[in-house]
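Lettering of chains follows the sequences in order, A, B, ..., and the numbering in each one begins at 1.
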Amino acid sequence: MVEKVPHWADIAAEEIINIKGKKNVVATGITPSGPIHLGNLREILTGDALYRALKEKGAEVDFIYIADTFDPLRKVYPFLPESYSEHVGKPISEIPDPEGCHENYAEHFLEPFLGGIRVLGINPKVIKAHESYKNGLYTEIIDITLENNEKITEILNEIAGRNLEKDFVPLLPKCEKCGRLTTTKIVSYNIQKHQVEYQCKCGYNGVADYSKGEAKLPWRLDWPGRWKIFGITVEPFGKDHATAGGSYDTGKIITKEIFGYEPPYPFIYEWIYLKGKGAMSSSKGIAISINEILEILPPSWVRYLILRYKPDKHIDFDPVNGYILLAEDYERLERIYYRLEGTEEDWAEFARIYELSQVGEIPKEPGPQVPLRHIITLAQISLGNEENLKEMLIRSGYEKELKRFDEIIRRVRYVERWLEKFAPSQVKFKLQDTIPEIVRTFAPREKEFLKALAGKIEEKDWNGDELQNLIYNLAQSLGIEGKKAFKLIYLSFLNQDSGPRAGYFLVSLPKDFVIKRLEEAGTL
RNA sequence: GAGCCGUUAGCUCAACUGGCAGAGCACCUGACUCUUAAUCAGGGGGUUGCAGGUUCGACUCCUGCACGGCUCACCA
């Protein structure tokens with residue numbers, strides 16, 4: 001019996017228990033101000049891995065996701081209509097959905113994200129910030145903030161190198177008239193009544209009651225505030241917050257000295273880059289949304305994609321060429337876990353990452369053992385028809401995987417989306433409905449070969465290997481170079497020079513069709 | 001300017017608290033009468049970015065430098 005090599009989440013969990021004890025709250029937070037992408041997913045997946053690792057070590061642990069639905073809209077993002085300039089500065093929970101399908105702007109981006117993480121087996125308790133403010137959860141924190149106004153200003157000036165005026169008040173009242181958080185200036189406040197008097201740039205002067213969600217703390221206070229409110233002990237966050245003078249630096253001082261709460265165990269992760277394009281960013285249009293990724297990869301593969309790397313490594317995700325590599329890595333991982341391949345040492349090394357990649361319970365059996373590479377071929381010749389697909393699987397030697405046909409179909413769908421959106425041209429082909437014109441240019445001897453091949457294929461039921469050999473041998477006997485022979489076949493069926501391994505390819509196609517096409521090519 | 005993270009084989013990454021530098025892919029050779037994006041067997045590959053230091057021992061710790069990424073705004 002070999003010991004599993006611990007995953008980084010296991011090592012961190014142990015350290016967390018040493019520092020924080022057995023009772024923990026893991027928190028993550030993402031602002032749903034645009035489509036939530038794969039980069040953002042790293043945060044919540046990191047949290048999920050820590051949550052699971054802690055739980056397995058016997059810790060009592062909660063996992064929460066705080067949606068920053070009360071944040072103001074910062075600017076008119078490229079994906080928004082120009083008319084949204086009037087909403088800049090308003091909380092995203094109070095702006096209309098740009099596509100009109102949800103209750104509000106925040107919901108529009110939050111809902112698909114939550115759907116996506118559920119598919120990935122991530123089930124945090126969801127907390128919407130605007131509701132927390134409305135329900136008065138922040139009231140006490142805001143009281144303390146106002147009481148310690150000057151001290152906080154000092155901390156921000158010192159740690160973050162700010163140049164804030166003495167009368168700076170770290171609270172953003174929402175203008176009753178124009179609805180913006182970013183255009184108000186506080187004139188006075190009354191902590192007993194939880195009220196602040198403000199002047200807004202829109203010309204309105206009013207009073208906001210922060211116990212009713214009529215004001216918001218700026219990020220630098222909001223973050224440490226929520227640590228105390230929700231009892232947060234562990235929080236993964238992006239490297240942007242980890243910098244000296246950044247919000248974790250000020251947050252940990254503020255929470256200790258002002259709120260009387262210990263900062264959570266920080267867990268810093270790197271960005272995910274899109275190969276060749278830079279850091280993922282919805283607002284720059286270089287992002288793959290979570291739902292796009294779930295269209296091309298099974299959920300456990302997505303988990304693996306992120307969890308396999310240590311959080312301090314940046315990930316270069318290459319949906320074009322990296323796709324097949326990822327598939328092959330995962331397939332190998334799976335074979336090792338179920339001991340279809342590799343040594344006990346291999347098993348020990350990979351077992352934990354396999355477990356953490358699973359969406360729910362660890363399956364008793366591996367998934368269908370049909371390589372994605374082969375599915376890429378099948379998807380393109382079966383043209384989405386399930387009966388065709390079934391026959392092709394049998395013909396290409398995967399009959400015993402038919403018991404997992406549903407999962408194979410799902411993989412075909414993933415691959416179809418990938419072919420449509422990302423696949424490099426080398427792997428793409430299209431079975432030609434009619435015989436390509438180029439076949440007319442074949443030499444007589446080449447046509448003879450194709451005709452002879454048709455005759456041979458008719459003789460019996462071949463398997464992929466046999467047919468592969470047949471093609472080669474037949475070509476040799478007719479004095480045609482192997483390479484040329486395969487090219488002739490690809491041109492006849494696909495109208496291109498190369499293609500999937502010919503024997504397996506032809507054997508996957510309906511026999512009648514193959515014979516007819518070869519004969520036709522031979523006589524054209 | 002200040003600081004954070006990274007730098008290990010051609011590529012992507014491992015190496016738990018210092019203890020023999022490893023995988024996958026790619027590449028090369030061979031095999032399967034056999035071409036591909038297939039299978040099997042074998043192989044080459046490293047001054048761990050550079051320069052010092054601590055140590056019996058450094059990829060690991062310390063100092064400096066270089067390169068890449070990021071951040072220092074009421075911004076996630």
Do the numbers put Arg339(A) on top of the ring of Trp347(A), so that NZ or CZ is under 6.0 Å from the six-membered ring centre and no more than 45° off the axis?
yes
Rounded off to whole Å, could you give me the CD-to-P distance for the Gln380(A) and rU36(B) pair?
20 Å
d(CG, Asp318(A); C1', rU12(B)) in whole Å:
11 Å
Is it the case that over 12 heavy atoms from other parts of the model lie below 6.0 angstrom from the CD atom of Glu150(A)?
no
Quick test of your reading of the model: are Asp48(A) and Arg303(A) salt-bridged, counting only N-O distances below 4.0 Å?
yes
Polar atom pairs between nucleotides 1-3 of chain B and protein, under 3.5 Å, N or O only, would you list them?
| from | atom 1 | to | atom 2 | distance (Å) |
| --- | --- | --- | --- | --- |
| rG3(B) | N2 | Thr243(A) | OG1 | 3.2 |

How long is the line joining CG of Leu467(A) and P of rA38(B), in whole Å?
18 Å
Sequence-distant partners of Glu15(A), side-chain contact (heavy atoms from CB on, under 4.5 Å), two or more places apart:
Ile19(A), Tyr265(A)
C1' spacing across the pair rU8(B) / rG22(B), given as an integer number of angstrom:
10 Å
Taking protein heavy atoms under 4.0 Å as touching, what does nucleotides 19-25 of chain B look like 5' to 3' if B marks base contact, S marks sugar-phosphate-only contact and - marks none?
----SSS
Quantified in whole Å, what is the P atom distance between nucleotide rG43(B) and nucleotide rA37(B)?
24 Å
Distance-only check: which donor-acceptor pairs under 3.5 Å involve side-chain atoms of residues 179-187 of chain A, not counting sequence neighbours?
| from | atom 1 | to | atom 2 | distance (Å) |
| --- | --- | --- | --- | --- |
| Arg180(A) | NE | Val88(A) | O | 3.0 |
| Arg180(A) | NH2 | Glu86(A) | O | 2.6 |
| Thr184(A) | OG1 | Pro173(A) | O | 2.7 |

Pro112(A): side-chain contact (heavy atoms from CB on, under 4.5 Å) partners, not counting sequence neighbours
Asn291(A)
So what does Ala502(A) hit on the nucleic acid, given a heavy-atom distance under 4.0 Å: a base, only sugar-phosphate, or nothing?
base
Rounding to an integer number of angstrom, what distance separates rU55(B) and rG69(B) when you compare their C1' atoms?
33 Å
Charged N-O contact under 4.0 Å between Glu355(A) and Arg352(A)
yes
Sorted by position of nearest nucleotide on RNA chain B, 5' first, the leading residue of Lys310(A) and Pro500(A) is Lys310(A)
Take atom C1' in rU7(B) and the same atom in rA15(B), then report the distance between them in whole Å.
16 Å
Identify, with sequence neighbours excluded, every residue that meets ring pair (Phe, Tyr, Trp, His ring centres under 6.0 Å) alongside Phe505(A).
Phe429(A)
Dump the intermediate steps for side chain to side chain donor-acceptor pair (under 3.5 Å) on Tyr198(A) and Tyr189(A), then the final yes or no.
CA-CA 9 Å; Tyr198(A) 62 86; Tyr189(A) 51 82; over 6 Å; no
Can you measure Lys216(A) atom NZ to rC74(B) atom C1' for me and round it to whole angstrom units?
9 Å
Look at Lys4(A) together with Asp10(A) and state whether they make a salt bridge at an N to O cut-off of under 4.0 Å.
no
Just the table, please: protein N/O against nucleotides 5-7 of chain B N/O, every pair under 3.5 Å.
| from | atom 1 | to | atom 2 | distance (Å) |
| --- | --- | --- | --- | --- |
| rC5(B) | O2' | Asp312(A) | O | 3.3 |
| rG6(B) | OP1 | Asp312(A) | OD2 | 3.3 |
| rU7(B) | OP1 | Lys313(A) | NZ | 2.9 |

Go through the structure and list residues passing side-chain contact (heavy atoms from CB on, under 4.5 Å) with Ile229(A), not counting sequence neighbours.
Leu137(A), Tyr138(A), Ile141(A)
Quick check on rU36(B): is either OP1 or OP2 less than 4.0 Å from any side-chain nitrogen or oxygen of Lys487(A)?
no
How close or far is atom P of rA26(B) from atom CD1 of Ile324(A), stated in whole angstroms?
11 Å
Quick one: side chain to side chain donor-acceptor pair (under 3.5 Å) partners of Lys456(A), sequence neighbours excluded?
none
Tyr330(A): what forms a side chain to side chain donor-acceptor pair (under 3.5 Å) with it, not counting sequence neighbours?
Ser300(A), Gln358(A)
Parallel, tilted or perpendicular: which describes the rings of Tyr105(A) and Tyr84(A), with under 30° parallel and over 60° perpendicular?
tilted
How far does the C1' atom of rA38(B) sit from the matching atom of rC32(B), given to the nearest Å?
12 Å
Both Gly246(A) and Val427(A) contact RNA chain B. Taking the nearest nucleotide for each, which residue is further toward the 5' end?
Val427(A)
Can you tell me if the side-chain N/O atoms of Arg308(A) get under 4.0 Å from OP1 or OP2 in rC13(B)?
no
N/O donor-acceptor pair, side chain Tyr490(A) with base rU36(B), under 3.5 angstrom:
yes
Roughly, in whole Å, what's the span from CD1 in Ile268(A) to C1' in rC4(B)?
8 Å
If we take the C1' atom in both rA14(B) and rU48(B), what is their distance in whole Å?
13 Å
How long is the line joining OH of Tyr398(A) and P of rA38(B), in whole Å?
12 Å
So Tyr309(A), base contact, sugar-phosphate only, or nothing? Heavy-atom distance under 4.0 Å.
sugar-phosphate
Are Lys128(A) and Glu107(A) ion-paired here, with the side-chain N under 4.0 Å from a carboxylate O?
yes
Using atom P of each nucleotide, how far apart are rU29(B) and rC65(B) to the nearest Å?
47 Å
Stem segments of RNA chain B by first residue number [Watson-Crick or G-U, under 3.5 Å, at least 3]
B:1-7 with B:66-72, B:10-13 with B:22-25, B:27-31 with B:39-43, B:49-53 with B:61-65
Rounding to a whole Å, what distance do you find between Asn473(A):CG and rC32(B):P?
13 Å
May I ask you to say what Asp346(A) touches in the nucleic acid, namely base, sugar-phosphate or nothing, with a heavy-atom cut-off under 4.0 Å?
nothing
Which residues pass the side-chain contact (heavy atoms from CB on, under 4.5 Å) test with His314(A), not counting sequence neighbours?
Glu270(A), Tyr273(A), Asp316(A)
If the C1' atom of rA26(B) is compared with that of rC16(B), how far apart are they to the nearest Å?
30 Å
